[in-house]
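Reviewing the structure listed below.
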Amino acid sequence: MLDIKRIRTEPELVRRGLDAKKTQVDLDEILRLDARVREILGIVEAKKAESNKGSKEIPQRMKAGEDISALKAQLAELSKEIKELDQEHKEVETDLAERLRWLPNLPHESVPIGGEADNVVTRSWGEPKPAAPWRKPHFEIGETLGLLDFASASKLSGSGFAVFTGWGARLERALIQYFLDHNREKFGFLEVSTPYLVKRETMYGTGQIPKLEEDMYRTEPDDLFLIPTAEVSITNLFAGDQLAHETLPLYRMGYSPCFRREAGTYGKETRGLVRVHQFDKVEVVKVVAPETSYDELESLVGIAESLLQSLELPYRILTLASGDLSFAAAKCYDLEVWAPSEERWLEVSSCSNFEDFQSRRMNLRWRNEDNKLVHPHTLNGSALALPRIVVAILDNYQTESGTVRVPEVLKPYLGGLEEFTPEGKGA
RNA sequence: GGAGAGAUGUCCGAGUGGUUGAAGGAGCACGCCUGGAAAGCGUGUGUACAGCAAUGUACCGAGGGUUCGAAUCCCUCUCUCUCCGCCA
C-alpha cells in the first residue's frame, strides 16, 4: 500500500515510480477521488459537529422543562442529511481504496530502471563449471540414481510435481535441516513453523492479493489459500501489531512447502524440478527500523550467499531492474547458481526490501525513538529454495563416471554418505 | 457437526441509551523519596483522518439498523474459548 499523502504531495514522483514498474494506472483519477473524499469529509464533519452539539443540549433542556420537539425535529432532519453524505463519502472512499490496493510499491532510487534485460549483475562468486558432453540434465541423472521419480508424480498430481525417493527424499530433508541450523547458528534467526493455509486478508497483507490471486491455490469452501512462500505466514505473524521500540529488529525464519499455480507458464520448463507447483523452501524474514532496512537487505543477501558458499555452488547476484520487481518490492536481489549441464543460471533465492509497503497493508506499527508509531520495514529472502538447489547439486557435483558427490556440509545430515550412485538406489 | 460463552485502550479489566476517549489496575515516562535500588507518593501516558492553526470528526471485533443521541438496544457476519460428537 502506498501512502495516499505521498501520492497527494508528490504525484510526479509516484507517477515516475509506477512507470518504472511498468504499471498502467489512472493516477489523476486517484487524485480526483482523494480530493473529493476530503471535500465531502469537510462538509459531513461540520454537520456532525452541529448534530453532536444539538444532541448534547437535549438532556439539559429536558431538565429545564423546555419543549424540545422542535429541536428534535430539526436534528432528525440534520441526521438524515448526514446519513446521505456519509453514504456518498463511503462510496467514493471505497472506489479510492480499491484503486490503491492495486498500486504496486515504488522502486528504490538505487534500482536500475527498465525491464528484465536491464537487471545488473552486481557480483559473483566461484568459477562456473564448464559444459561437457558427459553431463546429464538433473532429471535424467536424478532418475538414474533413484533420487527422483517424475512418472509417479504426474500419476498422482499431473504435470509440475516431483516425487523424491530414497536418498533423494533424504537429501530434501537434509537441506531443510541444514539451512535452518545454519541460519539459526550463524545469524540468530528464530525458527517458526506456521500454517500453510491462510486467510484472504493474510495474503493481502504481504501483497499476493489482489494482483496475483490467479497464481494462488485456493480452497473452495473455506476461502483459504495455500501459501506460495512462508513469507506470507511469517511476515503476517505481526499483522496489526504495535511493536514496542526494543523489539526491533525481528529475525524470523521457517521452512514450508510453497504452492504456486504458475498460471501462464504452460510449456515452459515442464520437465524436471526447475518449475514445479509445489516445492520446499526455507524463508527468512526481517522486521526492522526504516532507517536500517537497506543495510539489513545487504546482510540478508549475505545469509543466502553464505549458504551457497558453504555448498560450494558458484553463483551470481542480480540487482533487479524496476520492471522486473515483484508487486510489493522496492528493491530485490536475485541469487542465481550455475547449472553446467543446462548451461544456464537458476534463481535459487530472492531477497527483497518491501520498505513500509507490507507494514501498511498489514497495519503493522512500531514505536520509534521519538515514541511515535510508524510503519517498520519488512524484508524477506529465500535461504534457500530447495528443488533448484537439488538441481544445482546434481549438476555441479556430477562426476564423469555418472555419480553425484555429496557436498561436504551435507554429509553429516546424510549419515556420512560420500556419493549418490546407481547401486545405492533406495539407500 | 451439535450446545454454550465471549470479543473494550500496550496489557488486564469495569461499564446496559446522554460531557465516556471510555472507571480501576498493570506497564511505561517524568518527578519526589534513597548512599543506590525496591517499595511508596505525585504527575503524565490512545490512534487515525481533515485543517497553517484553534479545533473538529471517527474509532470499544466487522458491517447494517433503531434513536435527537449507541461501547451500551436490534440484525448479519468474522474470530476466539468451553463442553459433546468425530478424528491424525
Side-chain angles (χ1 to χ4, degrees), chain A residues 1-9 30-101 193-205 209 218-225 233 236-248 250 257 287 289 356 359-376:
Chain A
M1 181 89 96
L2 295 182
D3 186 1
I4 182 67
K5 281 185 197 157
R6 191 164 169 213
I7 298 175
R8 193 148 71 214
T9 53
I30 285 174
L31 289 166
R32 198 188 66 76
L33 289 170
D34 173 52
R36 181 70 184 138
V37 164
R38 283 180 299 142
E39 185 190 356
I40 301 170
L41 197 62
I43 300 168
V44 79
E45 283 193 353
K47 285 195 190 287
K48 281 181 179 172
E50 195 186 334
S51 163
N52 286 344
K53 207 170 139 231
S55 290
K56 277 182 189 163
E57 279 179 29
I58 285 185
Q60 292 163 15
R61 295 210 188 176
M62 277 169 70
K63 251 179 239 161
E66 292 178 41
D67 176 24
I68 52 168
S69 55
L71 178 59
K72 277 177 81 163
Q74 184 194 331
L75 287 174
E77 181 59 33
L78 187 59
S79 175
K80 225 176 97 190
E81 287 173 37
I82 290 172
K83 211 163 270 185
E84 282 164 16
L85 281 166
D86 261 341
Q87 183 61 31
E88 190 183 351
H89 173 253
K90 208 182 115 191
E91 279 166 22
V92 184
E93 200 177 43
T94 304
D95 189 1
L96 176 63
E98 179 60 18
R99 287 165 189 269
L100 290 176
R101 286 161 70 94
S193 177
T194 51
Y196 307 147
L197 281 165
V198 298
K199 294 189 285 190
R200 178 172 284 275
E201 63 178 282
T202 304
M203 293 290 271
Y204 174 76
I209 279 179
R218 187 169 70 94
T219 64
E220 188 52 66
D222 303 303
D223 204 34
L224 290 174
F225 292 81
S233 25
N236 276 288
L237 244 22
F238 308 104
D241 284 1
Q242 293 185 18
L243 302 173
H245 183 259
E246 63 277 8
T247 48
L248 296 196
L250 232 30
V287 179
D356 64 2
S359 268
R360 239 171 238 294
R361 292 185 151 235
M362 292 189 297
N363 193 25
L364 164 60
R365 290 173 301 172
W366 166 70
R367 288 215 183 264
N368 68 10
E369 32 292 301
D370 302 325
N371 209 35
K372 288 267 171 281
L373 279 175
V374 298
H375 295 290

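A note on names: the letters A, B, ... follow the listed sequences, proteins ahead of strands, and every chain is numbered from 1.
Between the side chain of A/Ser55 and the backbone N or O of A/Ser51, at least one donor-acceptor pair lies under 3.5 Å.
Side-chain proximity of A/Leu373 to the nucleotides B/C68, B/A48, B/U57 is greatest for B/A48. Counting only heavy atoms from C-beta on, A/Arg38 has its side chain closest to B/A50 among B/A50, B/C79, B/G56. Side chain of A/Ser79, nearest nucleotide from B/U47, B/A50, B/G69: B/G69.
Contacts of A/Ile68 with the nucleic acid, taken as non-hydrogen atoms under 4.0 Å apart, are absent. Looking at heavy-atom distances under 4.0 Å, A/Lys372 makes no contact with the nucleic acid at all. Within the nucleic acid shown, A/Lys72 comes within 4.0 Å of at least one base atom, counting heavy atoms only.
Annotation: A/His375 is not in aromatic contact with A/Trp366 [ring centroid separation under 6.0 Å not met].
With contacts defined as side-chain heavy-atom distances shorter than 4.5 Å, the pair A/Thr247/A/Asp241 does not qualify. Looking at A/Leu224 and A/Lys199, their side chains come closer than 4.5 Å, going by heavy atoms from C-beta outward. Taking 4.5 Å as the limit, every side-chain heavy atom of A/Ile7 sits out of range of all side-chain heavy atoms of A/Asp34. Using a 4.5 Å heavy-atom cutoff, the side chains of A/Leu78 and A/Gln74 are not in contact.
In this structure, A/Glu50 and A/Arg8 both approach RNA chain B, and ranking their closest nucleotides by distance from the 5' end singles out A/Arg8. Take the nearest nucleotide of RNA chain B for A/Pro59 and for A/Ile4: the residue whose nucleotide is more 5' is A/Pro59.
B/U19 and B/G36: their C1' atoms are spaced 47 Å apart (whole Å). The separation of B/A54 from B/A50, taken at their P atoms, amounts to 15 Å, rounded to a whole angstrom. Atom P of B/A58 sits at a distance of 23 Å from the matching atom of B/C74, rounded to the whole Å. Taking atom C1' in both B/U72 and B/A7, the straight-line distance is 15 Å, to the nearest Å. With P as the reference atom, B/G21 and B/G42 are 26 Å apart, rounded to whole Å. A distance of about 35 Å separates the P atoms of B/A29 and B/U82, rounded to the whole Å. For the C1' atoms, the distance from B/U20 to B/G2 is 40 Å, rounded to whole Å. Look at the C1' atom in both B/G15 and B/A23: the space between them is 8 Å, to the nearest Å.
The CG atom of A/Asp241 sits 9 Å away from the P atom of B/C11 (whole-angstrom rounding). Computed from coordinates, the A/Asn368 CG to B/A29 C1' distance equals 15 Å when rounded to whole Å. Whole-Å rounding puts the A/Ile58 CD1 to B/G18 P distance at 13 Å. When rounded to the nearest whole Å, the span between CG of A/Asp86 and P of B/U57 equals 13 Å. Between A/Glu45 atom CD and B/A58 atom C1' there is a gap of 7 Å when expressed in whole angstrom units. Distance NZ (A/Lys90) to P (B/G65): 8 Å, rounded to an integer number of Å. The distance between atom CD1 of A/Ile82 and atom P of B/G56, rounded to the nearest whole Å, is 16 Å. A/Glu369 places its CD atom 16 Å from the P atom of B/A29, with the value rounded to the nearest Å.
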Where do A/Glu98 and A/Arg101 land on the salt bridge (Lys or Arg N to Asp or Glu O under 4.0 Å) test, with the steps shown first?
CA-CA 5 Å; A/Glu98 179 60 18; A/Arg101 286 161 70 94; 3.4 Å; yes
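The phosphate of B/U57 has neither OP1 nor OP2 within less than 4.0 Å of any side-chain N or O from A/Lys53. Between B/G46 and A/Arg367, no contact under 4.0 Å exists linking OP1 or OP2 to a side-chain N or O. Side-chain N/O atoms of A/Arg365 include none lying less than 4.0 angstrom from OP1 or OP2 on B/U10. Taking only side-chain nitrogens and oxygens, A/Ser51 never comes nearer than 4.0 Å to OP1 or OP2 of B/C68. A close approach under 4.0 Å does occur between a side-chain nitrogen or oxygen of A/Asn52 and OP1 or OP2 of B/U57.
The existence of a salt bridge linking A/Asp86 and A/Lys90 is excluded, since no basic side-chain nitrogen approaches an acidic carboxylate oxygen closer than 4.0 Å. Salt bridge annotation for A/Arg36-A/Glu91: absent, with no cationic side-chain nitrogen under 4.0 angstrom from a carboxylate oxygen.
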Once pairs are restricted to Watson-Crick or G-U wobble with both distances under 3.5 Å, how does RNA chain B read as a dot-bracket string, [ ] for crossings and | for other-strand pairs?
((((((((.[[[..)..(.....]]]((((((.......))))))(((((....))))).[[[[[..)....]]]]])))))))....
